[in-house]
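Start at 1 with the first residue, then count along the sequence. Note that ligands are numbered from 1 as they come in the structure, with each ligand's atoms numbered from 1 the same way. Only a predicted model underlies this, so the values are computations on that prediction, with no experimental measurement involved.
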Amino acid sequence: MQPLRGRHVLLGISAGIAAYKAAELARLLVREGAEVQAVMTRSAAEFIAPMTLQALTGRPVRDSLFDPQHEAAMGHIELARWADVVVIAPATADVIAQLAAGSAPDLLSTLCLATEAPVLVAPAMNQAMWRHPATQANIGVLAGRGVDILGPGDGEQACGDTGPGRMLEPTVILAAIEQRFVQGRLIGKRVVVTAGPTREAIDPVRFVANRSSGKMGFALASVLAAEGAEVVLVAGPVALSTPRGVKRIDVENALQMHRAVFDALAGCDLFVACAAVADFRPVDVAERKIKKTDEVVTLQLKRNPDILADVAARPDRPFCVGFAAETHDLEDYAESKRRAKGLDMIAANLVGASQGFETDDNALLVIWEGGKVALPTQNKSQLAVELVKLIADRFDAQTATQDS
Ligand code: PMT
């Protein structure tokens with residue numbers, strides 16, 4: 001997925017200390033195949049050298065409305081038309097005020113008035129300036145006009161204050177820009193995915209767990225995001241990097257996974273439970289490491305809540321997709337799990353010494369009310385593409401029935 005390939009990104013940079021992060025954003029945009037034209041306000045050059053942006057984008061930086069040389073090549077109106085998207089990062093309180101007022105004292109503000117492309121603004125300023133009613137009113141005006149306000153983040157500021165006003169990290173801004181160009185079947189849908197194992201503590205150093213690597217669940221989260229969904233991935237302990245555009249919440253045990261899933265459920269359209277949640281946890285967790293004094297140790301276990309069944313039982317439940325990991329009688333067990341938990345769909349896989357868990361390849365039998373499809377053995381990434389197609393088909397069919 002490279003939604004930015006060949007796209008024209010007009011990167012506006014105004015005069016804030018976060019201007020140095022614009023260089024990284026420009027680099028990421030170019031890496032994703034975008035053509036980037038940097039436009040700086042005059043005072044932005046106090047914070048970052050135009051030559052840096054020129055070297056990263058391969059284009060001379062534009063900073064003046066009245067530059068005969070540039071106007072002869074691509075005038076400011078042409079530049080406004082050239083842009084597929086305008087991103088201002090960092091956007092100071094002053095630039096935000098200019099945009100809200102519709103004033104056009106320089107090239108960047110003029111381009112924002114002249115363009116019909118979507119405008120994204122990443123504010124960066126001192127926390128008191130951000131909180132000021134004038135700035136908040138201006139942000140409200142821009143948001144009301146459909147401008148995307150990205151952030152700001154909260155935390156330590158260059159001026160020594162702590163609070164809201166930090167520019168978001170370039171990778172987060174990049175994901176928001178990409179989201180504008182993603183063409184997929186799940187745009188505007190919110191999805192929660194669980195993945196990986198859970199670890200149930202016995203003592204501070206030992207736990208009960210299983211062999212799930214998280215590969216299947218992470219592949220699904222990645223494909224769902226590529227289809228335009230807003231994805232929250234609740235992950236048990238795994239050694240995998242977070243798929244692009246996915247919000248990841250790391251948890252350790254089943255109770256934490258249950259809480260994290262329920263915290264993420266508001267407005268959720270789809271729930272995909274791929275995690276191998278431990279069915280039981282030790283009744284008592286020893287505070288100190290258990291010593292090897294006895295030949296036999298008895299571990300008492302109690303049932304963990306069933307996350308998937310609890311989500312599916314909610315009155316405002318999302319479309320629920322479960323997994324079934326079985327060693328035999330795959331279809332029978334999977335179908336009875338689907339019915340028992342009240343699921344819209346179940347993806348069943350055989351698991352054992354060398355299949356299902358940990359491997360790069362997998363095969364699935366996908367079952368829903370009145371239908372089933374066998375997806376043959378293939379790489380988990382490709383398998384995820386096929387499963388997401390089936391999920392989107394069933395989800396669309398169900399939505400159409402509910403609407404009619
Ligand atoms: O992570 P990988 O190494 O890539 O391996 C992938 C996988 C084999 C783990 C995956 O494909 C898979 O089968 N995941 C589900 C494993 C499982 O726990 O299956 P189950 O049949 O025990 O559970 C049925 C369903 O209920 C599952 O959707 C599970 O997430 C859910 N569940 C189970 C118990 C529980 N307490 N809460 C749950 O939500």
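- Ligand 1 has a nitrogen or oxygen under 3.5 angstrom from a nitrogen or oxygen of P305.
- The existence of a salt bridge linking K372 and E331 is confirmed by a sub-4.0 Å separation between a basic side-chain nitrogen and an acidic carboxylate oxygen.
- Considering V36, D148, I177 as possible partners of V87, the one that fulfils the side-chain contact (heavy atoms from CB on, under 4.5 Å) test is I177.
- Here is the list of ligand 1 atoms found below 4.0 Å of a heavy atom in A324: 21 (O).
- Annotation: atom 5 (O) of ligand 1 to nearest protein heavy atom, G356 O, 3.4 Å.
- For atom 20 (P) of ligand 1, the closest non-hydrogen atom on the protein side is K337 NZ, 3.6 Å.
- If you number the atoms of ligand 1 from 1 as listed, the ones under 4.0 Å from a heavy atom of G214 come out as 1 (O), 2 (P), 3 (O).
- In this structure, atom 19 (O) of ligand 1 lies nearest to the protein heavy atom A325 N, 3.5 Å.
- Of all the heavy atoms in A278 and T198, the pair that sits closest is N-OG1, 2.9 Å.
- Using a 4.0 Å cut-off between charged nitrogen and carboxylate oxygen, R27 and E24 count as a salt-bridge pair.
- Of the candidates F280, F357, F271, F323, the one placing a heavy atom closest to atom 25 (C) of ligand 1 is F323.
- Contacts with ligand 1 closer than 4.0 Å are made by side-chain heavy atoms of N349 only, the backbone lying farther away.
- Closest protein heavy atom to atom 35 (C) of ligand 1: V277 CB, 3.5 Å.
- Ligand-side atoms of ligand 1 in range of M216: 4 (O), 6 (C), 11 (O), range being under 4.0 angstrom from any heavy atom.
- Salt-bridge check for K341 with D306: passed, with a basic side-chain N closer than 4.0 Å to an acidic carboxylate O.
- Ligand 1 places these atoms under 4.0 Å from at least one heavy atom of K215: 1 (O), 2 (P), 4 (O).
- For the pair A275 and ligand 1, the shortest N or O to N or O distance falls below 3.5 Å.
- An N or O contact shorter than 3.5 Å is missing between G196 and ligand 1 by distance.
- By the 3.5 Å distance cut-off applied to N or O atoms, K341 is counted among the residues near ligand 1.
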Intermediate values then yes/no, side-chain hydrogen bond (donor to acceptor under 3.5 Å, both in side chains), S109 and D106: CA-CA 6 Å; S109 48; D106 62 6; 2.5 Å; yes
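- Every atom of ligand 1 is numbered from 1 in the order shown, and the set under 4.0 Å from a heavy atom of A273 is 27 (C), 28 (O), 30 (O).
- Backbone and side-chain nitrogen or oxygen atoms of S213 are examined, and one is located within less than 3.5 angstrom of a nitrogen or oxygen of ligand 1.
- A salt bridge between E369 and R338 is present, with a side-chain N of the basic residue lying under 4.0 Å from a carboxylate O of the acidic one.
- Taking only non-hydrogen atoms, the option from L387, D279, L308 nearest to atom 34 (C) of ligand 1 is D279.
- The protein atom (non-hydrogen) at minimum distance from atom 37 (N) of ligand 1 is I307 N, 3.1 Å.
- Checked for salt-bridge contact, K189 and E227 miss the test: no charged N lies under 4.0 Å from a carboxylate O.
- The shortest N or O to N or O distance between C274 and ligand 1 is below 3.5 Å.
- If you look at E358 next to ligand 1, the close heavy atoms, those under 4.0 Å, all belong to the backbone.
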CA sep, side-chain torsions, deciding dist, call: M125, H132, side-chain contact (heavy atoms from CB on, under 4.5 Å): CA-CA 11 Å; M125 66 196 74; H132 195 285; over 6 Å; no
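- Annotation: R81, atom CZ; neighbour count of heavy atoms from other residues, nucleotides and ligands within 6.0 Å does not exceed 12.
- An N or O contact shorter than 3.5 Å is missing between T359 and ligand 1 by distance.
- Taking each heavy atom of T115 and A80 in turn, the nearest pair found is OG1-O, 2.9 Å.
- Closest protein heavy atom to atom 18 (O) of ligand 1: A276 CA, 3.4 Å.
- S212 is linked by a side-chain hydrogen bond (donor to acceptor under 3.5 Å, both in side chains) to nothing, counting only residues two or more places apart in sequence or in another chain.
- Relative ring orientation between H8 and W82 is described as parallel, the plane-to-plane angle staying below 30° on a 0-90° scale split at 30° and 60°.
- Checking only distances, G322 never comes within under 3.5 Å of ligand 1, N or O to N or O.
- Using modelled atom types and a 3.5 Å distance limit, the side chains of S381 and N379 yield a donor-acceptor pair.
- Distances below 4.0 Å separate heavy atoms of K380 from the following atoms of ligand 1: 2 (P), 3 (O), 4 (O), 5 (O).
- Proximity annotation for atom 32 (N) of ligand 1: of T198, D306, L220, D306 comes nearest, heavy atoms only.
- Atom CG of residue L301 and atom CG of residue D279 lie 10.5 Å apart, to the nearest 0.5 angstrom.
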